[in-house]
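Reviewing the structure listed below.
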Amino acid sequence: MAWQFPEAPVVAVGAVIVREGRALVVRRAHPPRQGEWSLPGGRVELGERLEDAVRREIREETGLDVRVGPILEVFDRVHRTDDGRVQYHFVIVDYLCEPVSGTARAGDDAEDLAWVSRDELEAFGINPHAATVLRRGLERAG
């Protein structure tokens, strides 16, 4: 299924990965939201369980193996063109995760990454919705 101008919503996963009171954020390397800081994650592949998708996406994007915890949020993100066509429609399930092995490094869909505290979210220009999910994850992990 195409993720740009899709025929149906695309299912995706995200992760609030918390270590020592900080959450891992990535700077997106590709559209949508290219260049913005946000939660790591990506699309679920056909036949893949949600939790398996989280582990795979996080390993590919950050180099970390994670323990997948509870769901923090389920929401949809729709981007439309100027003429109203749906360019992107993602249904995203965000999980709280804990790193268990690996070294954090920017991988396939990330151009950079950083461990941030709750007080640093605004300085990274993280969009309000993602910042809310990150705060919720930091609070639950804390």
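Within the model, atoms CZ of Arg56 and CD of Glu61 stand 10.5 Å from one another, a figure rounded to the nearest 0.5 Å. Atom CG of Asp82 sits about 12.5 Å away from atom CZ of Arg80, to the nearest 0.5 Å. Here OH of Tyr95 is found 5.0 Å from CD of Glu51. Values are rounded to the nearest 0.5 Å. Between the CZ atom in Phe90 and the CZ atom in Phe75 there is a gap of 10.5 Å [rounded to 0.5 Å].
Pairing each heavy atom of Val16 with each of Ala23, the nearest pair is CG1-CB, 4.3 Å. Of all heavy-atom pairs between Leu96 and Gly137, the closest is CD1-O, 3.6 Å. Across Arg105 and Glu60, no two heavy atoms sit closer than the pair NH1-O, 4.0 Å. Closest approach of His30 and Asp108 over heavy atoms only: NE2-O, 3.7 Å. Contact between Val54 and Cys97 at its shortest, heavy atoms only, is CG1-SG, 3.7 Å. Taking both residues in full, the closest heavy atoms of Pro99 and Ile17 are given as CD-CG2, 3.6 Å, listed atom of the first, atom of the second, then distance.
By the 6.0 Å and 45° rule, Arg28 does not stack over the aromatic ring of Trp37.
Remark: the backbone N or O of Arg136 is not paired with any side-chain donor or acceptor of Glu139 at under 3.5 angstrom.
Legend: residues meeting salt bridge (charged side-chain N to carboxylate O under 4.0 Å, His left out) with Arg85, ordered by chain and number and at least two apart, are Asp83.
In the hydrophobic clustering of ILVMFWY residues, with side-chain heavy atoms under 4.5 Å counting as a link, Val44 and Val74 come out together.
Looking only at side-chain heavy atoms (C-beta outward), Val18 and Leu138 come within less than 4.5 Å of each other. At a threshold of 4.5 Å between non-hydrogen side-chain atoms, the residues Val13 and Ile92 do not count as touching. Within the 4.5 Å cutoff, no side-chain heavy atoms of Val25 are placed close to those of Ser38. Side-chain contact check for Val10 versus His89: every heavy-atom pair is 4.5 Å or farther apart.
Among the candidates Val116, Leu24, Leu39, the single residue satisfying the side-chain contact (heavy atoms from CB on, under 4.5 Å) test with Leu134 is Leu39.
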Which pairs of donor and acceptor atoms, one on a side chain in residues 62-72, lie under 3.5 Å apart (sequence neighbours left out)?
| from | atom 1 | to | atom 2 | distance (Å) |
| --- | --- | --- | --- | --- |
| Thr62 | OG1 | Ile58 | O | 2.7 |
| Thr62 | OG1 | Leu64 | N | 3.2 |
| Asp65 | OD1 | Arg59 | NE | 2.6 |
| Asp65 | OD2 | Ser101 | OG | 3.1 |
| Arg67 | NH1 | Glu98 | OE1 | 2.9 |

Taking only distance into account, with no hydrogens and no angle test, what donor-acceptor pairs under 3.5 Å do side-chain atoms of residues 119-126 form with protein atoms, sequence neighbours excluded?
| from | atom 1 | to | atom 2 | distance (Å) |
| --- | --- | --- | --- | --- |
| Glu120 | OE1 | Arg22 | NH1 | 2.9 |
| Glu120 | OE1 | Ser117 | N | 2.7 |
| Glu120 | OE1 | Ser117 | OG | 3.3 |

